[in-house]
Amino acid sequence: MISIGFYGNDDNRAMWRQRLTPLLSDFDIVDLESEAGMHADIALVWAPPSGLLAKMPNLRGIIMQGQGVDHMMGDDTTPRSVPLVRLVDPDMSDALSHWAILNALDMWRDGAQYRAQQAERLWKPLEQRPATGAVIGIMGVGAIGSVIATRFASLGFKVKGWARTKRTLHDVEMFAGMEALPSFLADTDIVVSVLPLTPATSGIMNADFFAGLADGAFVINGGRGGQLVEDDLLAALDSGKIGGAALDVFVTEPLPATHPFWTHPKITVWPHVAAQTNPQTAARQVASAITDIMAGKVPANKVDWDRGY
């Protein structure tokens, strides 16, 4: 029998049991922090306590309940010899692309201004921006970013993509490496980050980054909170260099009630919901990864510890 140690609440563990039952023939899913869980073969986790996985003598694989792996990368006690698998779920890619497009179009069509005018019963048409005039930059053109980029391009916008290494994408002007970042930022009206959090991307959205964007640019962060220097964003918003921001991820989550982002008129706060894991579609990936790991095979979407994703 395959033993799966689950880190999460009882309701979520029951839900995963239900979803995995048609896909795995002989398994049990138990609380990771129980004695049985500590002897499990597989850890199905999101952000377990530091050092917990290192105590598991039978651990053969770690499977994330979402796409991010920065929690694991930040814990140097996590066994590097054990395969780490992240979810790459088309349903999540679709959801995140919808969220990015929603926020970008809302900004481009002055949604916030019209909502404010409605509250004042003010009928005042604003000058419309060109329907396809925005230059949109996507940071992180992988499984998710490529979907976002191509969907913006299909709407007629000029789309740029920035990645760690060179790649090509139809109808998207591509840039690669830190040396190309200034060229990527130049004239960009809306920038969308779906980057993983690595040492190279930590704090990448800083004062210099904002200065390189078009005046009044809009920032959309669906990657990780650690990529954004929060004080630099606030300064750029208050100076008018940045026109607004939609943020789904933060350095501290939940976002503290006293944080200035909550009340800033140019910031929209989303509670890390841009792309929530869909257990119905993700369960197939989890079951496949478990099957491969237990058979001694390399699972799909195995994380490269050196790259950080």
Side-chain angles (χ1 to χ4, degrees), residues 1-33 37 40-48 52-53 59-73 75 78 82-102 140-148 151 194-197 222-224 248-249 253 270-295 297-305 308-309:
M1 175 181 288
I2 301 169
S3 177
I4 303 170
F6 180 84
Y7 185 73
N9 62 46
D10 291 344
D11 288 343
N12 283 337
R13 185 168 74 253
M15 176 271 296
W16 277 102
R17 181 190 299 278
Q18 179 185 12
R19 297 298 184 186
L20 290 172
T21 294
L23 304 170
L24 293 173
S25 58
D26 190 18
F27 78 98
D28 191 18
I29 182 167
V30 297
D31 180 1
L32 183 63
E33 295 184 287
D41 305 301
I42 302 292
L44 180 58
V45 300
W46 176 241
L52 186 63
L53 301 184
L59 186 63
R60 298 178 61 177
I62 304 166
I63 302 176
M64 303 303 293
Q65 296 173 32
Q67 303 199 73
V69 296
D70 45 293
H71 296 295
M72 295 294 97
M73 293 293 165
D75 181 2
T78 303
V82 175
L84 173 64
V85 179
R86 66 188 181 100
L87 295 185
V88 180
D89 187 356
D91 190 76
M92 296 178 74
S93 299
D94 286 342
L96 193 41
S97 71
H98 296 165
W99 177 82
I101 291 169
L102 167 69
V141 192
I144 295 176
S146 60
V147 172
I148 296 172
R151 288 182 176 176
V194 288
L195 289 166
L197 183 62
R224 284 291 178 264
D248 185 55
V249 290
E253 296 183 4
W270 295 74
H272 207 142
V273 293
Q276 301 177 71
T277 300
N278 182 333
Q280 185 170 358
T281 54
R284 298 186 188 94
Q285 285 192 51
V286 171
S288 178
I290 291 172
T291 300
D292 286 344
I293 289 169
M294 297 304 294
K297 300 178 181 179
V298 177
N301 304 314
K302 180 175 177 288
V303 172
D304 183 324
W305 284 104
Y309 57 92

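Index from 1, following the sequence.
Residue Trp16 holds its CH2 atom at 5.5 Å from CG of Leu44, rounded to the nearest 0.5 Å. Put simply, CH2 on Trp46 and CG on Asn12 are 13.5 Å apart, with the number rounded to the nearest 0.5 Å. The CE atom of Met15 sits 8.5 Å away from atom CG of Asn9, with the distance rounded to the nearest 0.5 Å. The distance from the CE atom of Met73 to the CG atom of Leu84 is 5.5 Å, given to the nearest 0.5 Å. Distance check, rounded to the nearest 0.5 Å: CG of Asp248 to CZ of Arg224 gives 9.0 Å.
Of all heavy-atom pairs spanning Ala283 and Leu20, the tightest one is O-CD2, 3.7 Å. Nearest heavy-atom pair, Ala40 versus Gly5, reported as atom, atom and distance to 0.1 Å: CB-N, 3.4 Å. Arg60 and Val82 get closest at one heavy-atom pair: C-CG1, 3.6 Å. Pairing each heavy atom of Ser146 with each of Gly142, the nearest pair is OG-O, 2.6 Å. Minimum heavy-atom separation, Val303 to Gly308: CG1-C, 4.3 Å. Heavy atoms only, all atoms of each residue included: Gln65 and Phe6 are closest at NE2-CE1, 3.3 Å.
Formation of a donor-acceptor pair under 3.5 Å by the Asp28 side chain with backbone atoms of Ser3 is not found in this model. Side-chain N or O atoms of Asp91 include none that pairs as donor or acceptor with a backbone N or O of Asn278 at under 3.5 Å. Not a single donor-acceptor pair under 3.5 Å links the side chain of Asp41 to the backbone N or O of Leu59. Using modelled atom types, one side-chain atom of Thr21 and one backbone atom of Arg17 make a donor-acceptor pair closer than 3.5 Å.
Between Leu53 and Tyr7 the shortest side-chain heavy-atom distance does not fall below 4.5 Å. With a 4.5 Å cut-off on side-chain heavy atoms, Ile29 and Gln18 do not count as touching. Using a 4.5 Å heavy-atom threshold, the side chains of Arg19 and Val286 count as separate. Side-chain contact check for Ile4 versus Leu24: some heavy-atom pair is nearer than 4.5 Å.
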Between Met92 and Ile144, does the side chain to side chain contact (heavy atoms under 4.5 Å, CB included) criterion hold? Intermediate values first, please. CA-CA 8 Å; Met92 296 178 74; Ile144 295 176; 5.5 Å; no
Side chain to side chain contact (heavy atoms under 4.5 Å, CB included), that's the test. Do Asn301 and Leu87 meet it? Break it down for me. CA-CA 7 Å; Asn301 304 314; Leu87 295 185; over 6 Å; no
Step by step, work out the side chain to side chain contact (heavy atoms under 4.5 Å, CB included) result for Val85 and Met64. CA-CA 6 Å; Val85 179; Met64 303 303 293; over 6 Å; no
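Under 4.0 Å is where a charged nitrogen must lie from a carboxylate oxygen, and between Asp70 and Arg86 no such pair does.
Partner of Ile293 under the side-chain contact (heavy atoms from CB on, under 4.5 Å) criterion, chosen from Ile62, Ile42, Ile2: Ile42.
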